[in-house]
2 protein chains.
Amino acid sequence: MLDHNRLSIIAEVIRGHKIGNQHDLKEHLKGRGFDTTQSSISRDLKKLGVVKVDGYYKTPSIAPGESSKVDRLDATTAGDNLIVLKTGPGNANRAGVIIDRANIIGILGTIAGDDTIFVAVANRQTQAKVLRKIFALFD
Amino acid sequence: MLDHNRLSIIAEVIRGHKIGNQHDLKEHLKGRGFDTTQSSISRDLKKLGVVKVDGYYKTPSIAPGESSKVDRLDATTAGDNLIVLKTGPGNANRAGVIIDRANIIGILGTIAGDDTIFVAVANRQTQAKVLRKIFALFD
DNA sequence: CACCCTATGCGAATTTTTTGCATAAAAACA
DNA sequence: TGTTTTTATGCAAAAAATTCGCATAGGGTG
């Protein structure tokens with residue numbers, strides 16, 4: 001079914017609920033069997049590249065109209081070596097070119113389809129860094 | 001300047017000298033301050049995806065003009081399940097087709113963009129084998 | 001300042017990776 | 001096929017990296 005590691009549960013909770021602080025998130029996680037501390041949550045959020053917008057956490061994403069360079073952009077990670085980006089139909093290539101040109105250290109390769117981009121990275125540490133750099137490009 | 005870890009030194013030595021066995025490589029490394037064992041070298045070569053061609057080791061890469069089928073080809077691995085191949089602009093599709101047609105056992109799927117190909121494999125063992133088979137195709 | 005929220009240095013515990021040894025497996029060659 | 005050379009690997013110890021909680025520092029807001 002679902003990936004039961006803590007990071008993915010956090011992403012799931014953030015997408016499904018309005019979470020305004022790490023303590024609330026802690027409670028949600030506890031309800032799902034992950035009893036951890038605020039410290040760890042802080043570090044997890046960093047790894048996920050989660051950002052706080054209007055007081056609530058959200059997974060790294062650019063909403064429609066938020067950027068002039070792409071119609072929208074949502075990121076998820078698949079394992080430690082892949083970042084999956086979704087755009088609106090027909091926008092992936094343009095976004096892919098922007099990413100390629102930025103020559104971000106840590107990116108091993110990029111492939112864009114119609115509305116999806118795969119970005120290969122070397123490891124989990126790189127993954128978090130690259131994610132942040134990509135979103136910086138479009139912000 | 002250069003990365004001074006053992007893996008990059010090995011790649012450098014292999015590119016600069018005709019190395020026909022791991023014992024010779026061991027000697028070269030010793031000369032450069034890396035006193036290690038044949039076991040480790042064997043494992044390093046595997047990590048690098050180094051292949052033996054005509055009795056000599058070479059890094060997984062096809063230089064411009066070296067193959068009639070592709071302009072150039074360089075491989076890296078991203079984790080245990082992905083191989084990332086880079087070609088010159090516009091060449092990835094042609095190379096991808098060649099790989100697909102070869103029906104290499106162990107390849108779970110292939111996607112080609114403009115100058116990049118992602119090859120999904122099941123695990124690290126498969127990864128090394130597949131890498132060798134791919135380069136055999138273009139040699 | 002007082003309060004709330006988040007980030008981080010540190011050390012302990014855990015997990016992962018690396019390494020050499022011995023040896024098995026494979027390849028090369030007679 | 002038998003012998004030799006070359007390469008791969010199971011295993012256990014050592015080394016390195018990661019995870020985690022605690023305590024606390026830092027940031028922001030009123």
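Everything numeric in this text was worked out from a predicted model, so none of it was measured. Chain A is the first sequence line, chain B the second, and so forth, proteins listed ahead of strands; every chain is numbered from 1.
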What's the CZ-C1' distance between Arg43(B) and dT17(C), to the nearest Å?
-> 11 Å
Report the distance from atom CD of Gln22(A) to atom OG1 of Thr37(A), rounding to the nearest 0.5 Å.
-> 10.0 Å
Take atom CD of Gln127(A) and atom P of dT18(D), then tell me their distance rounded to the nearest Å.
-> 14 Å
How long is the line joining CZ of Arg132(B) and P of dT7(D), in whole Å?
-> 12 Å
Going through the checks in order, is the side chain to side chain contact (heavy atoms under 4.5 Å, CB included) test met by Phe34(B) and Ile9(B)?
-> CA-CA 9 Å; Phe34(B) 286 87; Ile9(B) 296 295; 3.8 Å; yes
Quick one, which residues of residues 45-55 of chain A touch DNA chain C with a heavy atom under 4.0 Å?
-> Lys46(A), Lys52(A)
Donor-acceptor pair under 3.5 Å, Ser39(A) side chain vs dA7(C) base | no
Determine yes or no for a side-chain-to-main-chain donor-acceptor pair under 3.5 angstrom, with Asp74(B) supplying the side chain and Ser61(B) the backbone.
-> no
Who are the ring pair (Phe, Tyr, Trp, His ring centres under 6.0 Å) partners of His17(B), not counting sequence neighbours?
-> His28(B)
Phosphate OP1/OP2 of dA8(D): any Ser42(B) side-chain N/O under 4.0 Å | yes
Start with the C-alpha distance between Val84(B) and Ile117(B), add both sets of side-chain angles, then the distance that settles side chain to side chain contact (heavy atoms under 4.5 Å, CB included), and finish with yes or no.
-> CA-CA 6 Å; Val84(B) 178; Ile117(B) 304 165; over 6 Å; no
Thr77(A), Ile83(A), Leu82(A), Ile104(A) screened by side chain to side chain contact (heavy atoms under 4.5 Å, CB included) with Val121(A), the one that passes | Ile83(A)
Below 4.0 Å: OP1/OP2 of dC5(C) and any side-chain N or O of Tyr56(A) = no
At how many degrees, to 10°, do the end axes of the helix from dC1(C)-dG30(D) to dA30(C)-dT1(D) meet when each uses five pairs?
-> 50°
Quick one: Ile10(B) CD1 to dT7(D) C1', roughly how many Å, whole number?
-> 14 Å
In terms of hydrophobic clusters joined by side-chain contacts under 4.5 Å, are Ile134(A) and Ile62(A) together?
-> yes
Listed pairs, N/O of protein and of nucleotides 24-30 of chain D, under 3.5 Å:
none

Asp35(A) atom CG is separated from dC20(D) atom C1', nearest whole Å, by 13 Å
Separation of dC20(D) C1' from Phe34(A) CZ (nearest whole Å) = 15 Å
OP1 or OP2 of dT6(C) sitting under 4.0 Å from any side-chain N/O of Tyr57(A)?
-> yes
With distance as the sole criterion, do the side chain of Ser40(B) and the base of dT18(C) form a donor-acceptor contact below 3.5 Å?
-> no
Does OP1 or OP2 of dG21(D) have a side-chain N or O of Thr36(A) closer than 4.0 Å?
-> yes
Using atom names, set out every protein N or O paired with an N or O of nucleotides 24-29 of chain C below 3.5 Å, distance rounded to 0.1 Å.
none

Check whether Ile107(A) and Phe138(A) end up in the same hydrophobic cluster, where Ile, Leu, Val, Met, Phe, Trp and Tyr are linked by side-chain heavy atoms less than 4.5 Å apart.
-> yes
Around atom NZ of Lys129(A), are there more than 12 heavy atoms of other residues, nucleotides or ligands at under 6.0 Å?
-> no
Any side-chain N or O of Thr37(B) less than 4.0 Å from the OP1 or OP2 oxygen of dT19(C)?
-> no
Any residue of residues 21-30 of chain A with a heavy atom less than 4.0 Å from an atom of DNA chain C | Asn21(A), Gln22(A)
OH (Tyr57(A)) and CD1 (Ile41(A)) are apart, to the nearest 0.5 Å, by 9.0 Å
Round to a whole Å and report the spacing from CD1 of Ile41(A) to C1' of dA7(C).
-> 13 Å
Do Leu25(A) and Leu7(A) belong together in a cluster built from hydrophobic side chains that touch within less than 4.5 Å?
-> yes
Main-chain N/O of Leu73(B) paired with Lys86(B) side-chain donor or acceptor, under 3.5 Å | no
Note, Leu45(A) side chain near Ile10(A) side chain (heavy atom, < 4.5 Å) = yes
Residues Arg72(A) and Thr87(A): side-chain donor-acceptor under 3.5 angstrom = no
Inspect the contact between Arg6(A) and Glu12(A) and indicate whether a charged nitrogen and a carboxylate oxygen are less than 4.0 angstrom apart.
-> no
d(CD1, Ile14(A); P, dT6(C)) in whole Å | 11 Å
How about Thr59(B) and Leu48(B): do any of their side-chain heavy atoms sit closer than 4.5 Å?
-> no
Would one find a side-chain N or O of Arg6(B) under 4.0 angstrom from OP1 or OP2 of dT19(C)?
-> yes
Evaluate the criterion side chain to side chain contact (heavy atoms under 4.5 Å, CB included) for residue pair Arg32(B) and Val13(B); output intermediate values, then yes/no.
-> CA-CA 10 Å; Arg32(B) 299 192 181 212; Val13(B) 169; 3.8 Å; yes
